[in-house]
Structures are given as C-alpha cells and as structure tokens.
Amino acid sequence: MARHLITSAIPYINGIKHLGNLVGSQLPADLYARYLRGRGHEVLFLCATDEHGTPAELAAAKAGKPVREYCAEMHAVQADIARGFRLSFDHFGRSSSPQNHRLTQHFAGRLADADLIREVTERQMYSPADGRFLPDRYIEGTCPNCGFDSARGDQCDNCTKQLDPVDLINPHSTISGSTDLEMRETKHLYLRQSAMKDQLEAWIDSKTDWPVLTTSIARKWLNDGDGLQDRGITRDLDWGIPVRKGDADWPGMEGKVFYVWFDAPIEYIACAQEWVEAGKGDDWERWWRTDKGADDVSYTQFMGKDNVPFHTLGFPATIIGSGEPWKLVDFIKSFNYLNYDGGQFSTSRGRGVFMDQALDILPADYWRWWLLSHAPESSDAEFTWENFQASVNKDLADVLGNFVSRVTKFARSRFGEAVPDGGAYGPQEETLIADLTKRIATYQAHMDAMEVRKSAQELRAIWVAGNEYLQTAAPWAAFKSDPDRAAAIVRLSLNLIRVYAILSAPFIPDTADTMLNAFGSAPDRRWPRGTPDDFTVLQPGDAFSVPENLFAKIEDSQRADWQERFAGTRI
RNA sequence: GGGCCUGUAGCUCAACGGUUAGAGCAGAGCGCUCAUAACGCUUUGGUUGGGGGUUCAAAUCCCUCCGGGCCUACCA
C-alpha cells in the first residue's frame, strides 16, 4: 500500500467548463484516483476553483454581482457539476480561501528572503474609463502589420504577428470601448526564475519517464531565446491575494495582488489545509511536507498542455526557491486538446457540449467512458456525435450492458434468483480465468502508467471475453442435457459481473455500483488478486437480482437533435 | 519567423530499428438463440502523406517537400 497525492489542474471560475476541459485534467485524475483507491492505496485527490484575475472581475461585473459573491456562486455551481460527473475529490477547494492567502503570502516572503524576488517598474496601458490597467489582450486596434481591425494588443489573430499595445492603430479597451488610454508607470514583483534555471533544468532532465508533451514544453521555455525569463507575479487588481511579505507589509506594493499563476498552484497545498479545516482529514503536512511524512508520497498532477509551463517551471521554482521541504511533483500527466466536430469548443459561440449540458442529456458514465477511451494523449482528439453514438452503443450497451443482461436473465429463468449450485469449473473455465488473469494484469499495467486509452481498450477486451466464453460454453444448450454443467457456467458468469464491476468502477462508477448492487447491499468489492479465487467469490445460494438494462442506446434521432442543438451560432 | 507534436485501413487508434504493419468500429459471409435485432466466428480493406538517404533490416533514424495542430512568456 502506497500513498498517492493527486491534483487536477484547477478550473477557472468564470463559467462552466466544456468537455475538453474535463477530459484534460479532472476526469483522468479521477480515473487514476479511483483506480488507486480500488487497489487499496491511500489517496488524497484535490481540486479547486481558480478564482482570481481580470476575467473573474469582468465576469462578475457582467453578471452584476460583487466578485466575491460571483465566485462563491460559481464555485457552488462547479462543485455541483463535478459531483454530477462523479469526480471523487477528497476536497474541492477555492484559491480564494484564507488558507491560500496565508500560504501564498508566506511563499512570497520566503522567496524574497532568498533574494529570488526583484522589483520592476514598468509602463502599462491604463484605461481611466475602466478604472483599471488593461492586460494586453484587452486592448484591440488595427494591426500595423496587416491592417486587420480587431488585432489584440498581444498578438494579431489575422497575421499572427506579436504586437505591443502601443503599436496598435486606434487602440481601444475591449471592456468599455474607450479610446482614452494612457501609459502609466507601475511597480511589480518578478520571480527570478532565471536564477533557478540550472536547477529546474536538471530536475526536468531527471524526469525521463514523463510524457514528451510535458518535457518538451518545459525545455522549450527553459531554452527558448535568452532562456528562462523572470516572471511577474503581481498585478494591479482589486480581487486577489494582497501582496504581503509573509505576515509583514510590502512597502510600495500597497493595493496590489499576486498574479493568479502565482497563487493558483499554491492552492494545491492550501487545499489540503482546507480539507483538514473541513473536517475531512486531520494531517495535511504528511502529504505535503517531506520532513513530516510526505517523503513516501507519490505525487501526480494532471493538466492540459496549456498548463504545463506553470507546473514544470513556475510552481517548482516557488517550491524550490522557498528553501523549505515541500513535496515536489513526481509525475506530470499532460493532455492535448479535445476539439468539437471539426473545430474548437467555443464558449462565446456556444459551440460544443458543456459540462452541465452533458449531464442534462445523458448520465455521467456515458460521457466518462467516451471521453476517457478517446483521451487526447498523443495528439489533439475530436468529438463527433457519430463516434460518440457508435462507441457508447457498441461498448457500453452491447458489449457490457447486454452481457450483464443475458447472464442475469438466463440465470433467473433457469435457476431462480440465487447463484446456482452443482457442477464444477472445467477446462473452458480454466482457459477463461487464465486469459482474464493475464488481461487484468495488462489492464493494471496500463492504469499504473496512466495510459488512459490503452486501459480502456483492455477493459473492453475483458468485457468481450465474457461474451466469447458464453458463446463457447453455451449454457442454454448445456441446460437441456446437463443442468449441473449449465449451473457451473452461470455461476462463473455471475462472478464475472462482480469482477467486471470492480475493474470498471474507475471508468463508470455508477454502473459499477448498479452491477455490484445486483448481489445485495454488501458484496465483496476487493480488487482482484490475480488468482482463480477471484472468480469464486459469489457462492452457491448467494442471492442476486436482475438489474435494469445498464445502458440505453443512443437513437439516431437523438444524435441528430443534439448535433443541431450544440452546433453553436455562427458569427 | 522559431520551436514542439502530428500524418498508418472508409473512421478512431496500436506498433517506439527486427517474422507476413495490428485492434475496435463500419462493410461482407456464416453461426447461435441466453440477451438491449444483442453475441460469436470468418473475412474484405494499407506502396504507413510525397520524394530522397542511412542500414543486413525503416511506419520507426536522417534530409526535403506537403497537410493538420499547439506553444511563443500581460487570458487563465
């Protein structure tokens, strides 16, 4: 039994996330957490909402609410949807928590003491009409390079040229439309990542088993241009964690807050404190402090590729730079993007399926299965309704659902609602058990390696083996000539359902519960040990019931309807 | 512009220098009748994006061209 700390990239607060966000971090993290718990390991699985920054302030303003109130509401909404998808966080925290305030300020103080913070005076666009400094991309104007009239201040979407806001012709605020913009001086804190470049690079180099996607992005940032750049960690905003040096004021930084990308990863740690505060645990330091028991913790982070630089460089720089014995990540599992039907998901255009909508039309397990079995591991992947319908109908309804249905209904009709006695497992059963034992070992190896698609593929093959066995053993024929033989076949088949439920639970937890509940309220839920005993847990006389069909097929008419509904509006 | 990833059967993907490039779906044929017209077996289908090179041996390594994607540090 090992101890596993698992975190999912924390979703931003300003709205409901789409399926691409889900499959890139929270869902595979949940798969891994459920699997490890199933195998008897001790797991702490944490996630939170990322609540600071300009977009949160603007979203709150648009909703006509104080930002504090808006975030509290959106956190509740996201927590509710997470529950709907059966994301089994031990705690779903908030980056705006008091714990994170204290800890973020603490880290800043430590970094300052270590001479890893420098103050930089710079000039930024200020909009008097909006009453705020504007991040580059909140300024638009005509591109001096190609003449595109909606070029953003950081880059022109038309000709892809990188820009500076002052380059724009007729610049205006995208918030208010105001053209009254001025350059103002402001002072900010920079994290001296460049001073830690060699340390960070050596650390990345030591991670030879990480996905290429993870290490290549990290190396790019380490070596691109002049190498790893120092990074601003403060902003001129109202909503955020006030800049303080530990418990002390930070002269000259009054009214400023830390940048979200500084405080968001720290929330991983603060979240464990929230977990204790919420009465769900009693010792967070044994998960996070290597001097207090976290030495043997295996820490895995899940995230989309856009998050990789902050997790491979920024956050480690914070942790290492603190000089304190915090736990560093052991493995970073990163994902590419999921596209929607030939294009990108688009919040603004309402294009694609968002988490709340997904749960409105189908139960979580349908989505979990498709998303995980098509996880964008090696390249960007694409959601299409045709593929979704085909996969769900075939894999879930036909292969697994129908297997459970045919076994339980046959058993009931011939032997009644209890595991039948009589006969014994013979060569066919031994062959199947040997095959499954091997396949389960393969499945576990893929899950251990977080090879999500391969795990799904092997799990499906395990389901298929049940159907193959039934076809070969043909209990319906045996029943006529040798009822004891049929009884043995049915006994094994019912045991298969129990084993399948346990193996499948990380992917489709609700369905797994339904399958297990067919055998009463307290069936043995222990993970298979890899011996033939795994298939004799259900004994003659044990009661079972026939569950409702596990999965309904998606009809062509439904598919067409949804296709239409989620296509979004063209601009 | 630069960097990284990617291109394999109609579709979604494996194969990571070593038999004859494999699976699932879709298509075709056969079988079964327990089951959600479900399941099983067999089978069609590929000059591995094009071209060149290295090697006894290349989907795999190198060069080049073409296509797709991502990142490029003030959105998060």
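Every chain is numbered from 1, with letters handed out A, B, ... down the list of sequences.
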Handout entry: Protein-nucleotide distance (Leu371(A), atom CG; rU12(B), atom P), rounded to Å
Key = 17 Å
Exercise for the section: Check every strand shown and say whether Asp398(A) touches a base, only sugar-phosphate, or nothing at a heavy-atom separation below 4.0 Å. Expected result: sugar-phosphate
Practice task
Identify whether any heavy atom of Phe479(A) sits under 4.0 Å from a base atom; if not, whether one sits that close to sugar-phosphate; answer base, sugar-phosphate or nothing.
Solution key: nothing
Fill in the blank from the handout: On RNA chain B, more 5' by nearest nucleotide between Val260(A) and Ala552(A) is Ala552(A)
Exercise for the section: Please determine if a side-chain N or O atom of Tyr259(A) lies less than 4.0 Å away from the OP1 or OP2 oxygen of rC75(B). Expected result: no
Practice task
With heavy atoms under 4.0 Å as the rule, sort Gly314(A) into base, sugar-phosphate or nothing.
Solution key: nothing
Exercise for the section: Would you mind classifying the nucleic acid contact of Gly53(A) as base, sugar-phosphate or nothing, using non-hydrogen atoms under 4.0 angstrom? Expected result: sugar-phosphate
Handout entry: Sidechain-backbone polar pair: Tyr268(A) side chain, Cys47(A) backbone, donor-acceptor under 3.5 Å
Key = no
Practice task
Would you mind reading off the distance between Leu58(A) atom CG and rC75(B) atom P, rounded to a whole angstrom?
Solution key: 13 Å
Exercise for the section: Find the distance Glu468(A):CD to rG40(B):C1' and express it as a whole number of Å. Expected result: 8 Å
Handout entry: Those residues that, when tested against Asp209(A), pass side chain to side chain donor-acceptor pair (under 3.5 Å) (two or more places apart)
Key = none
Practice task
Measure up the His18(A) and Phe345(A) rings against each other and bin them: parallel (under 30°), tilted (30 to 60°), perpendicular (over 60°).
Solution key: parallel
Problem - B/S/- contact track for nucleotides 24-33 of chain B, protein heavy atom under 4.0 Å - result: SS-----BSS
Practice task
Return no unless some side-chain N or O of Arg231(A) is found under 4.0 Å from OP1 or OP2 of rC74(B).
Solution key: yes
Handout entry: Polar side chain donor-acceptor pair, Ser173(A) to Asp130(A), under 3.5 angstrom
Key = yes
Problem - Aromatic plane relationship, Phe519(A) with Phe544(A) - under 30° parallel, 30 to 60° tilted, over 60° perpendicular - result: tilted
Exercise for the section: For Val404(A), answer base if it contacts any base atom (sugar-phosphate contacts may also be present), sugar-phosphate if it contacts only those atoms, and nothing otherwise; contact means non-hydrogen atoms under 4.0 Å. Expected result: nothing
Exercise for the section: Remember a base hit wins even if backbone is also touched, and classify Leu213(A) as base, sugar-phosphate or nothing at under 4.0 Å, heavy atoms. Expected result: nothing
Handout entry: Sub-4.5 Å side-chain heavy-atom contact between Leu396(A) and Trp463(A)
Key = yes
Practice task
Quote, to the nearest angstrom, the P distance that separates rG22(B) from rU42(B).
Solution key: 15 Å
Exercise for the section: Would you mind classifying the nucleic acid contact of Asp136(A) as base, sugar-phosphate or nothing, using non-hydrogen atoms under 4.0 angstrom? Expected result: base
Exercise for the section: Provide, to the nearest angstrom, the distance between the CZ atom belonging to Arg152(A) and the P atom belonging to rU72(B). Expected result: 10 Å
Fill in the blank from the handout: Given the options Leu362(A), Val399(A), Ile508(A), Val404(A), Phe551(A) meets side-chain contact (heavy atoms from CB on, under 4.5 Å) only with Ile508(A)
Fill in the blank from the handout: Among rA76(B), rC13(B), rC41(B), the one nearest any side-chain atom of Ala381(A) is rC13(B)
Exercise for the section: Using the six-membered ring wherever Trp is involved, compare the ring planes of Trp367(A) and Phe388(A) and label them parallel, tilted or perpendicular (cut-offs 30° and 60°). Expected result: parallel
Problem - Sugar-phosphate, base or nothing in reach of Phe403(A), heavy atoms under 4.0 Å - result: nothing
Practice task
Test for a donor-acceptor pair under 3.5 Å between the base of rA38(B) and the side chain of Asn402(A), counting only N and O atoms.
Solution key: no
Handout entry: Phosphate contact (rC74(B) OP1 or OP2) by Thr186(A) side-chain N/O below 4.0 Å
Key = no
Problem - Residue Tyr12(A), side-chain heavy atoms: nucleotide from rA38(B), rA76(B), rA35(B) that is nearest - result: rA76(B)
Exercise for the section: Remember a base hit wins even if backbone is also touched, and classify Ser378(A) as base, sugar-phosphate or nothing at under 4.0 Å, heavy atoms. Expected result: sugar-phosphate
Practice task
Give me the ring orientation class for Trp261(A) and Phe310(A): parallel if the planes are under 30° apart, tilted from 30 to 60°, perpendicular past 60°.
Solution key: parallel
Practice task
Give the rounded distance in Å between these two atoms: CG of Asp306(A) and C1' of rC70(B).
Solution key: 10 Å
Practice task
Could you tell me whether Pro55(A) contacts a base, only the sugar-phosphate backbone, or nothing, with contacts defined as non-hydrogen atoms closer than 4.0 Å?
Solution key: sugar-phosphate
Exercise for the section: State whether Lys409(A) places a side-chain N or O below 4.0 Å from either non-bridging phosphate oxygen (OP1 or OP2) of rA38(B). Expected result: no
Problem - Rounded distance in Å between the C1' positions of rG24(B) and rC65(B) - result: 34 Å
Handout entry: Arg137(A) side-chain N/O to rC75(B) phosphate OP1/OP2 under 4.0 Å
Key = yes
Practice task
Determine, for Glu140(A) against Arg152(A), whether the closest basic-nitrogen to carboxylate-oxygen distance falls under 4.0 angstrom.
Solution key: no
Practice task
Would you classify Gln124(A) as touching base, sugar-phosphate or nothing, given that sugar-phosphate means primed atoms plus P, OP1 and OP2, and contacts are heavy atoms under 4.0 Å?
Solution key: base
Exercise for the section: Classify the side chain of Glu122(A) versus the base of rC74(B) as yes if they form a donor-acceptor pair under 3.5 Å and no if they do not. Expected result: yes
Handout entry: rG53(B) to rU20(B) separation - P atoms, rounded to the nearest Å
Key = 23 Å
Problem - Paired and unpaired positions of RNA chain B as dot-bracket, Watson-Crick or G-U wobble under 3.5 Å, | denoting a partner strand - result: (((((((..((((....[...)))).(((((.......))))).....(((((..]....))))))))))))....
Practice task
Using a strict cut-off of less than 4.0 Å between a Lys/Arg side-chain nitrogen and an Asp/Glu carboxylate oxygen, indicate whether Arg94(A) and Glu267(A) qualify as a salt bridge.
Solution key: no
Practice task
With P as the reference atom in both, quote the distance from rA58(B) to rG18(B) in angstrom, rounded to an integer.
Solution key: 11 Å
Practice task
Rounded to whole angstrom, note down the C1' distance from rU60(B) over to rU55(B).
Solution key: 13 Å
Handout entry: Pair Tyr340(A), Trp385(A): side-chain N/O donor-acceptor within cut-off below 3.5 Å
Key = yes
Problem - Short side-chain to backbone donor-acceptor contact, Gln124(A) and Glu185(A), under 3.5 Å - result: no
Problem - Distance, C1' atom - from rU43(B) to rA26(B), rounded to whole angstrom - result: 14 Å
Exercise for the section: Answer with base, sugar-phosphate or nothing: what part of the nucleic acid does Thr54(A) contact at a heavy-atom distance below 4.0 Å? Expected result: sugar-phosphate
Fill in the blank from the handout: Taken to the nearest whole Å, CZ/Arg192(A) to P/rA73(B) is 22 Å
Fill in the blank from the handout: note: Leu189(A), atom CG; rC74(B), atom P; distance rounded to Å ~ 15 Å
Handout entry: Under-3.5 Å donor-acceptor pair between Trp221(A) side chain and rA73(B) base
Key = no
Exercise for the section: Using whole Å, report how far OH of Tyr469(A) lies from C1' of rC41(B). Expected result: 18 Å
Exercise for the section: Check whether any side-chain nitrogen or oxygen of Lys305(A) sits under 4.0 Å from OP1 or OP2 of rG69(B), and answer yes or no. Expected result: no
